[in-house]
J.: 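Please find one structure pasted underneath; my questions will follow.
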Amino acid sequence: MTTAAKKPRRPARLALIGACMFVLGSAYAVVAPTTVQADGGAPAEIAAGKALFTTNCSSCHGLNGEGTSQGPSLVGVGAAAVDFQVYTGRMPMAIPGPQAPRRQNTFSASEIQAMASYVASLGPGPAIPQPAQYDPAGLTEEEIAQGGELFRTNCSACHNFAGNGGALPNGKYAPSLVGVGGKEIYEALRTGPQQMPVFSKGALTDTEARQIIGYLNELHEQPAGGFTLGGIGPVSEGFWTWVLGIGGLAGFAMWIASRGARAR
Amino acid sequence: MSTSDSRQVERIHPVPDPGIEEHLPRWTDVDEGAATRVTRQITFMFGLVPLLSIAFVVFYFAIDRNATVDFAGLHAPAQHTLMGLAAGLAILLVGVGAVQWARLIMSDHELVGERHTMASSDEARRVAVQQFADGVADANIARRRLLGTSFAGALGILVVPALVTLADLGPWPGPGMRKATIEKTVWAEGVHLVTDVTFNRIKAAEMEIGQLINAQPEVFKDMAHEDPAQFQREKAKASIIVVRMDPNRIKIPASRATWHVGGILCYSKICTHVGCPISLWEQQTHHLLCPCHQSTFDLANSGVVVFGPAARSLPQLPIKVDGQGFLVAQQDFNVPVGPSYFERDSRNDYQEGQD
Amino acid sequence: MAKPTTVAADSPALDSTTPTQAPPLAKAGGIAGWLDERLTIGALSKHPNALRKIFPDHWSFLIGEIALYSFVILLLTGVFLTIWFKPSMAEIEYEGSYQLLRGVPMSEAFASTLSLSFDVRGGLLVRQIHHWAAMLFVGAATAHMLRVFFTGAFRKPRELNWLIGVGLLSISLIEGFAGYSLPDDLLSGTGLRFVDGLVRSVPLIGTWAEFFMFGGEFPGTLIIPRLYMVHILLVPGLLLALIGGHLTIMWYQKHTQFPGPGRTESNVVGYPFFPVYMAKAGGFFFIVFGVTVLMGTFMSINPVWMYGPYNPAEVTAGSQPDWYMGWVEGAIRIMPNWEWHLGGTTWSWNIFLPGAGLMGLLFTGLALWPFIEAWITGDRAEHHLLDRPRNAPTRTALGVAGMTVYGMFWLAGGNDILATMFHLSLNDVTYVMRAAVFVAPVLAFLITRRICASLQRADRNRVLHGSETGVIVRTVDGRYYEDHVPISDDEAFTLTQHAEYPELEATPAHDASGVAMKPLVSKSRARVRRWYVAPYVGKPTATEIESAHDHGDHADDPALESGDRKALTH
């Protein structure tokens, strides 16, 4: 270094150091790796979720959600699966059996969110959907009619033409969809709870899922030609034929013949 | 008491016949006031009928089509309900009134009628037999038996041409016709698999384990509009389901090692029992249940029957991926799809344990 | 119109005003006279006695009328439906008023059914009335057949009418199936697919029958128009003809009657056709019609718009046929998967046996029963008095066993509904039903026979000892007995009026010199006869009744004297 240049003054040196620090700090902030979170939940929420999980779920699903002989692995099932199962009261499963029935949910929304975030952190999976993904508002009549076609091709074989549910082998069943919210249906489609297969976005887009939900909503509002007698088709129709029809008319017959010498 | 005459039937009446019961008059027979009351009731019922009929006509024209009745669990169109109620009550009241009239006002004296044995008297039989004999004699057929038999034969044989005219009821399902119809489907090398209803091609890499897709051949996209009748016939054979399972958890025989794509298998959707479409798939057990008669197939074991009345395993369609990663068929099914028939050669269907 | 008050011959019960002599019909003015001058309708008063024909009065005789009136209702509502229904499988895109199927491709048949349901005023009402009437028609025909069976009304001379009835029942099943398949909806189309598989599976001729029925492969474009022809022309024509025959025979032979005082095998006691029976039966027509209309109003049936149009790639959980086909459905479901693969042929016993086999068995058995029973009992007499079911215990037990088998198959047809409704395993229900169809009817037979025997014994006790009063009397020396009141002569006669069948001895199979000959009564027939009459409890004889009434005062009863309590129950 030659002495021809003048030495920099003190305040300028400070400013230069500050500028370098700023530049370096920003560069670090940009390139530094973020913590791995599939749903981007806050660490506090995940910790709360882990605590709830340990208490309520780990006995069957393992301390780290890796699965045991009592319950499958939850790695990769996603927040949507937790939201669906816990919100509908199916999980925690009260009694082991062929299927977890729908029950009263006892967890608050924030608790479910916490558990969902924790499970989501175990591995990437379907996220809890936004209303735009499952709300059928804005669909045209033709689209909702196509929802009916999709429903009858994909869903009615298990859930029945009106969503009243159906039988599966060995004590399992496809539950009724009457009164079930769009968010639940969407989550069930994407996560495939228990025996239900998965219907992923590649084969059934969000719009198509909304069409199915819209169809079901409107179908359940439709006026029927009278009392629906259970909505399970010819079996109940045959039952009432005999009970009310033949029974009632036989009653009338007994009334008609209730006079005359023989009747005394 | 035993007897060898099979016609012997005991007809002893230990209690003598007391004769028809004494007729007891009804209250309406005895009491003038009661009779008048009942008559008024009946007339009132008949009188309601025109009112209900008018109500029916009013309902027919005046009620808004879209109005509904919502009452005690009933959610039905108002016009339908009110019209039915009016008509039903009107008709019912006619009947109830008539029956009340018969029960309470009309004479209820029981009368006795005579029965005659069904067999005609000996005399009548003799006359009938004689008449028949006279007729036969008049026909002069006595030594001309051929006349009678040829007549009967001529009449009888006319049935044959009549029946033969029904021979065009349908095409004759000989071996060639069967090969061209029930023994083949539209699946062939290179035909793309597409989602049912929406006709989108299926990317193998996007299928998740546990996923089920109800699918069709892509050729249906155009056939649906161009030839709807043929479309329905082909759909009844070519409908398929695509499922993805973990290949390490399922049984894939050596003969079918090339039929799947990384655990994505394709099966016929048409049950081998009587042809209902099946898509009741259990993700965890890999069983496929037909809702019609509960035949159950194990898709993790080449579609063998594990329960129910189906006798043959579900046909599997060999698939592969094309250049862009979409699923395509390699060939048609190797066995006829759907329900059994007599001429079906069922030796090529997959048997349990086969390799 | 003239009102002749002619009285039927031999009417001992009439004690009221002397009947006035009827004026000759020709003197009557108006239409009656006009017709009489062309058709001799006045002669109707004699052979047959038309206007004043006697009809016995019992509520169970009205069940067949439910079927008859339902048929009339079906004809009336059916004509209404044909005005709008289009029996065509040509495909269109729906643009009607039911929003949820907008733009969906469907057949004209389905679209016209939607139009009937939503656009034609009263269309849904008539559709539903029509379908309920069809269910009632088959149900009432079945109930009527059971009534006729259990009361032995099929015996000579009514075997022909029984055969006509069995024929009516069997073709009504086809009629109903054809009818509900016409709208071409998802549920009935699935049923048609089943029939396609069923027909196809028939050994030797299956593919031919299938191709001829559908005009080629399933579904084709011909099955709906063909079923339409069957449903509105062919079968109704057959039904009308058979119903006409059924009623004519019944009219000519006169209706049967229950045993009772004054009722014999050679008379008929009841009310005259005009006016009483006409009013009761005619009134019942309006009642049946009214009830059916109200059912069509308030009870939803076959909501085809919810099922959607038929699509061979779609199906609904809980697919069942209408109730009267449920038993065949059940048989198909629980049948094990027996199929023979012989060389290049396939023999589908799993479909053919429960399908064609079982239906053939039922209707053949039903048709043959009157002749089988006549062979067993050797009864060649005419019967116009009905049996009380308890007095024909083996027949009744067989009938209940038959109903039980039918019921088991019917339950099996709804095995998935049973599973979901009662939280059972579908597979377990199927296994249980496989056993139940064999075990349950045997149990039912044994239990029913026992019950009939006890009822007969109870009747016998009533005749001998009278009616229990519930009044306990204590005698001076401390014995207790229940007071009985003798039953009326009317009741005693009714309870002892039935016929009894003595045992048959097998006649020798060889004559005196050892040459074999055909026995009058074979060993097997004697054995069957013994089994058939085994549960009969004999009627009390006249002397037994006499002596039973003699010791009406139990103080004199020697059994009481000796303190032998068992003898008291006789």
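Just so it is clear, the model here is predicted, and its values are computed rather than measured. By convention in this document, chain letters (A, B, ...) are assigned in the order of the sequence lines, proteins followed by strands, and residues within each chain are numbered from 1.
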J.: Side chain, backbone, both or neither: which part of His287(B) has an atom under 4.5 Å from a heavy atom of chain A?
T.: neither
J.: Answer whether the closest heavy-atom distance between the side chains of Trp255(A) and Gln100(B) falls below 4.5 Å.
T.: yes
J.: Examine whether an atom of Thr81(B) lies under 4.5 Å from a heavy atom of chain A, and if so say whether it belongs to the side chain, the backbone or both; otherwise answer neither.
T.: neither
J.: Is it the backbone or the side chain of Thr285(B) that comes under 4.5 Å from a heavy atom of chain A, or both, or neither?
T.: both
J.: Can you name the nearest heavy-atom pair linking Pro77(B) to Ala224(A), along with the distance?
T.: CD-O, 3.2 Å
J.: Given heavy-atom pairs under 4.5 angstrom as the criterion, report whether the side chain, backbone, both or neither of Ala167(A) touches chain B.
T.: backbone
J.: Search all heavy atoms of Ala157(A) against all heavy atoms of Leu280(B) and return the closest pair with its distance.
T.: O-CD1, 3.0 Å
J.: Let's test your reading of the structure: which of Ala72(B), Ser239(B), Gly210(B), Pro291(B) forms the most heavy-atom pairs below 4.5 Å with chain A?
T.: Gly210(B)
J.: Examine whether an atom of Ala215(B) lies under 4.5 Å from a heavy atom of chain A, and if so say whether it belongs to the side chain, the backbone or both; otherwise answer neither.
T.: neither
J.: How many angstroms lie between CG in Asn170(A) and OG1 in Thr296(B), if you round to the nearest 0.5 Å?
T.: 8.5 Å
J.: Pick one of side chain, backbone, both or neither for Lys201(A), based on which atoms fall under 4.5 Å of a heavy atom in chain B.
T.: neither
J.: When rounded to the nearest 0.5 angstrom, what distance separates CD in Glu208(B) from OG1 in Thr191(A)?
T.: 10.0 Å
J.: Would the distance check show the side chain of Gln283(B) and the main-chain N or O of Gly192(A) forming a donor-acceptor pair, the cut-off being under 3.5 Å?
T.: yes
J.: Counting only non-hydrogen atoms closer than 4.5 Å, does Leu104(B) touch chain A with its backbone (N, CA, C, O), its side chain (CB onward), both, or neither?
T.: side chain
J.: Within a 6.0 Å radius of atom OH on Tyr134(A), are there more than 12 heavy atoms belonging to other residues, nucleotides or ligands?
T.: yes
J.: Does any non-hydrogen side-chain atom of Phe199(A) lie less than 4.5 Å from one of Ile213(B)?
T.: no
J.: Looking only at heavy atoms and a cut-off of under 4.5 Å, which of Cys155(A), Ala203(A), Ser156(A) has the most pairs with chain B?
T.: Ala203(A)
J.: For a 4.5 angstrom cut-off between non-hydrogen side-chain atoms, does Asp196(B) reach Leu150(A)?
T.: no
J.: Where is the tightest heavy-atom contact between Pro197(A) and Trp281(B), given as atom of each residue plus distance?
T.: CD-O, 3.5 Å
J.: Please give me the minimum heavy-atom distance between Leu289(B) and Leu168(A), naming the atom from each residue.
T.: CD2-CA, 3.9 Å
J.: What verdict does the side chain to side chain contact (heavy atoms under 4.5 Å, CB included) test give for Ser200(A) and Met207(B), after you've listed the backbone C-alpha separation in whole Å, the side-chain angles of each residue and the deciding distance to 0.1 Å?
T.: CA-CA 7 Å; Ser200(A) 72; Met207(B) 270 199 83; over 6 Å; no
J.: Given side chain to side chain contact (heavy atoms under 4.5 Å, CB included), test Gln146(A) with Thr198(B) step by step and report yes or no.
T.: CA-CA 9 Å; Gln146(A) 181 171 274; Thr198(B) 46; 4.0 Å; yes
J.: Which atoms of Asn200(B) are under 4.5 Å from chain A, going by heavy atoms: the side chain, the backbone, both sets, or neither?
T.: side chain
J.: What part of Val96(B) is in contact with chain A, defined as an atom under 4.5 angstrom from a non-hydrogen atom: side chain, backbone, both or neither?
T.: both
J.: How close do Pro169(A) and Glu282(B) get, heavy atom to heavy atom, and via which atoms?
T.: CD-OE2, 3.5 Å
J.: Roughly how far apart are Gln284(B) CD and Met196(A) CE, rounded to 0.5 Å?
T.: 13.0 Å
J.: At a heavy-atom separation under 4.5 Å, does Glu221(A) approach chain B through its side chain, its backbone, both, or neither?
T.: backbone
J.: Who among Lys269(B), His75(B), Gln211(B), Arg103(B) has the most heavy-atom pairs with chain A under 4.5 Å?
T.: Arg103(B)
J.: Taking all non-hydrogen atoms of both residues into account, name the closest pair between Glu206(B) and Gly202(A) and its distance.
T.: OE1-CA, 3.5 Å
